[in-house]
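See below for the structure under consideration.
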Amino acid sequence: ALGSSYPMDYIEGLSLDRTVQMPALQRLYPTSFGVAPYRMTLQPPFFFALQNALFQISGPSLATGRAISQISAIAALLFTGLTMLKLTRDISGMLAAPLLLISYPQLAIWSLINAPETLAFALALGGLCATVFAPQQGKAGKVLLGTAALAFVASAATDQRPCPDQRDRR
């Protein structure tokens, strides 16, 4: 009746469903694909755990996941600009790179919905930014490299796709 090729729980509904299941300690991933409900198991639980912290305060809402996505998009733009400034030492490059990034269709769409891709992208860019800013020697360099490693691990624990446009396109 709706003419959509995707089920109603394609992205946002599934994210909210997993967030609601976390406090009840219900299984997030199916043990068998032979029994309904059928769920995507591509996304690790980091995004859902973060959203669950907000869920405990405000209750079930798509707005919390959307807010995480929008804040993550802003952080991704900031990390991109800072990385370009450090690498090129050029103000125009620092301003142009985030503008080009926000025109990327996947980021523009992901930042509006309750989905983990934007958070994973922001964490990966945050790790890259920390790596670029890490000095060659000293304690500050080790701290920044440790922060970068944590950001990369958190990004991998948020979304397992290595590149934002590798979504299954059937």
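- Paired with Leu77 under the rule side chain to side chain contact (heavy atoms under 4.5 Å, CB included), one option of Leu101, Leu99, Leu82 passes, and it is Leu101.
- Residue pairs meeting the salt bridge (charged side-chain N to carboxylate O under 4.0 Å, His left out) criterion with at least one partner in residues 89-100, sequence neighbours excluded, do not occur; the list is empty.
- No donor-acceptor pair under 3.5 Å is formed between the side chain of Ser58 and the backbone N or O of Phe55.
- Remark: Leu112 pairs with Gln70 by the side chain to side chain contact (heavy atoms under 4.5 Å, CB included) rule, at least two apart or across chains.
- Two different hydrophobic clusters hold Ile74 and Leu125 under the rule that ILVMFWY side chains link at heavy-atom gaps under 4.5 Å.
- Under the side chain to side chain contact (heavy atoms under 4.5 Å, CB included) criterion, Ser72 pairs with Ile68, Thr118, Leu119, Ala122, sequence neighbours left out.
- For the atom pair CD1 of Ile91 and CE of Met94, the computed distance is 4.5 Å after rounding to the nearest 0.5 Å.
- The CG atom of Leu128 lies 5.5 Å from the CZ atom of Phe152; values are rounded to the nearest 0.5 Å.
- When all heavy atoms of Gly126 and Ala151 are compared, the closest pair comes out as C-CB, 4.4 Å.
- Proximity of a side-chain donor or acceptor of Thr147 to a complementary backbone N or O of Val143 within less than 3.5 Å is detected.
- For the atom pair SG (Cys129) and CG (Leu87), the distance works out to 9.0 Å, reported to the nearest 0.5 Å.
- Taking every heavy atom of both residues into account, Pro98 and Gly93 meet most closely at CD-O, 4.5 Å.
- In the hydrophobic clustering of ILVMFWY residues, with side-chain heavy atoms under 4.5 Å counting as a link, Leu145 and Phe79 come out apart.
- Residues Leu78 and Phe121 are members of separate hydrophobic clusters, defined by side-chain heavy-atom contacts under 4.5 angstrom among Ile, Leu, Val, Met, Phe, Trp and Tyr.
- Within the structure, every pair that satisfies the salt bridge (charged side-chain N to carboxylate O under 4.0 Å, His left out) test and touches residues 63-84, not counting sequence neighbours, is listed here: Glu12-Arg66.
- Listed by first then second residue, pairs satisfying salt bridge (charged side-chain N to carboxylate O under 4.0 Å, His left out) with a partner in residues 134-149 number zero, not counting sequence neighbours.
- Residues satisfying the side chain to side chain contact (heavy atoms under 4.5 Å, CB included) test with Val153, not counting sequence neighbours, are none.
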